[in-house]
Amino acid sequence: MSSNAIRVALVGVGSCASSFVQSVALDREQPGPANGVMHEYIGGHRLGDVEFVAAFDVDSVKVGRDLSEAVYAGRTAAVRHVDVPHLGVKVQAGPLLDGLDGALSDAVSTHADVGHASPASLAAALADARPDVVVCLLPTGSTEAVATYARAAAEAGAGFVNATPEPVANDPELAALFAERGAALLGDDLRSHLGATTLHTALIELFQSRAVEVKDNYQLNVGGNTDFLNLSDPSRSRSKQVSKRKALANAGIDSREVAAGPNGFVKHLGDRKVCFLRIEGESIIGAPVHMELRLEVEDSPNAAAVLANAVRAAHSAARQGMVGVIDPVCAFLFKSPKTGARESEALHDFQAFVRKSAEHHAHQAVDRSA
Ligand SMILES: NC(=O)c1ccc[n+]([C@@H]2O[C@H](COP(=O)([O-])OP(=O)(O)OC[C@H]3O[C@@H](n4cnc5c(N)ncnc54)[C@H](O)[C@@H]3O)[C@@H](O)[C@H]2O)c1
């Protein structure tokens, strides 16, 4: 393992994990600036410096396999853009808890080892793997499972990236635990890189910059991966709806009545996600401005591009002595940050964080050579 490695543990080896593992493999194979990777370096690290040291799942077709195979297995909808070489990391059984409640219970059969997994076995596995950062990619609605993995990561002194809308950065007790253990916490609910929320909030900012009042708007999303299957169950999608509305409120509108969320599982779309967005505004002397858009993206790579920022930011923040919730990073990379900001302010703060990380890394390099 290179001395510049960022040791990463994955929790949930589904579609987002697949695209992220593929993106790391590609950066190793072809280092250099890449489409969709905003920063070739963050804190002195390339994306290819990510080293997977552990992975947890419950699915019988993933547990026990090398991570390089598990990322294409089972119901994973992510498109195979890159062949991932053998990684030498066996997917381990994690504690199930509420991980597969709802529609997923019929779609995924659990591995026999899951019955033996517990918070204690998880803690032992993390102590053995010594990750710098744990990335949580569990199904939305797995409140108990997300909190269990978050607590275990904090106890192990690892940073945590919570891609789910379940509260971790927004849970004061968990946030305090990460601060106490000297680890960085990023969350909650990963944004997509160029997805519906980012497009929606950027357009609201555009309307407002021209003093065009946003009177009505909606953002309807459909997709065909297991995330959308899971979200088709109302008991599982509640936190996602709340999170999306929170992102719109941070953009500066009253979002309490706005329809914004997952609106259906359409199997044939696979990993494609389609968003129908409409904004109705009112300009000078009450003149109407109506905008209607259709955005189609591949869902999981859209998350991987944000993870490429988040993992390196979490690692670099801790190196700089920034612990607990890292506000200037969360506002740009997550839909439901503890402290929100408008799109342009969030981008400004994130870029300033990346510059500061580069300066810190350069100072450390000078100190090391002195
Ligand atoms: N663009 C995006 O795809 C995007 C954007 C923002 C947030 N997210 C969020 O990221 C999360 C992951 O999305 P995904 O598309 O990869 O989901 P997915 O359904 O493809 O993967 C989830 C994985 O978690 C595993 N799992 C379930 N319970 C578990 C447990 N207790 N322990 C370990 N593993 C368990 C499942 O077997 C599955 O492999 C979701 O919460 C989603 O809402 C995704």
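Order of appearance sets the numbers: ligands from 1, and atoms from 1 within every ligand. Computed from a predicted structure; not experimentally measured.
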Notebook entry, point to check: Quick one: is the NZ or CZ of R191 closer than 6.0 Å to the six-membered ring centre of F332, and within 45° of its axis?
Noted result: no
Note to self: Looking at E155 and R181, is there a salt bridge between them, counting it only when a charged N and a carboxylate O are closer than 4.0 Å?
What the structure shows: yes
Next item on the list: Please write down residue, atom name and distance for the protein heavy atom closest to atom 40 (C) of ligand 1.
Entry: L138 O, 3.2 Å
Next item on the list: Could you list the atoms of ligand 1 found under 4.0 angstrom from a heavy atom of L100?
Entry: 27 (C)
Next item on the list: Would you tell me which option among D57, D101, V91, L137 has the nearest heavy-atom contact to atom 39 (O) of ligand 1?
Entry: D57
Check: How far is atom 19 (O) of ligand 1 from its nearest protein heavy atom, and which residue and atom name does that atom have?
Finding: T226 OG1, 2.8 Å
Item checked: Donor on one side chain, acceptor on other, R278 and Q219, under 3.5 Å -> no
Next item on the list: Give the atoms of ligand 1, by number and element, whose distance to some non-hydrogen atom of A163 is under 4.0 Å.
Entry: 7 (C), 8 (N), 9 (C), 10 (O)
Notebook entry, point to check: Can a salt bridge be assigned to the pair E298 and R272 using a cut-off of 4.0 Å between side-chain N and carboxylate O?
Noted result: no
Notebook entry, point to check: Knowing that exactly one of V146, L10, D188 qualifies, which makes a side chain to side chain contact (heavy atoms under 4.5 Å, CB included) with C136?
Noted result: V146
Notebook entry, point to check: Tell me, which protein residue and heavy-atom name are nearest atom 3 (O) of ligand 1, and how many Å apart are they?
Noted result: C16 SG, 3.2 Å
Next item on the list: Answer yes if the side chains of D271 and N225 hold a donor-acceptor pair under 3.5 Å, and no otherwise.
Entry: yes
Next item on the list: May I ask you to decide whether K90 forms a salt bridge with E69, counting only side-chain N to carboxylate O separations under 4.0 Å?
Entry: no
Margin query: Out of L229, D59, V58, T140, who is nearest to atom 30 (C) of ligand 1 when you count heavy atoms only?
Written below: V58
Checklist line | Any N or O of S300 closer than 3.5 Å to N or O of ligand 1 | finding: no
Next item on the list: Mark up the atoms of ligand 1 that fall under 4.0 Å of a heavy atom belonging to D227, in ascending order.
Entry: 15 (O), 40 (C), 42 (C), 43 (O), 44 (C)
Note to self: Looking at ligand 1, would K62 count as a contact under a 4.0 Å heavy-atom criterion?
What the structure shows: yes
Notebook entry, point to check: Is there a heavy atom of L96 sitting under 4.0 angstrom from any atom of ligand 1?
Noted result: yes
Check: Which atoms from ligand 1 have a heavy atom of T164 less than 4.0 Å away?
Finding: 41 (O)
Check: How about K246 and S255: does a side-chain donor come under 3.5 Å of a side-chain acceptor?
Finding: no
Next item on the list: Nearest heavy atom to atom 20 (O) of ligand 1 wins, so pick from S15, A17, G74, S243.
Entry: S15
Checklist line | Sub-4.0 Å heavy-atom contact, K335 with ligand 1 | finding: yes
Next item on the list: Looking only at protein heavy atoms, identify the closest one to atom 27 (C) of ligand 1 and say how far it is in Å.
Entry: P139 CD, 3.5 Å
Margin query: With no hydrogens and no angle check, just 3.5 Å: does a side-chain donor-acceptor pair link S344 and E205?
Written below: yes
Next item on the list: For G99, counting its heavy atoms only, list the atoms of ligand 1 lying under 4.0 Å from any of them.
Entry: 27 (C), 28 (N)
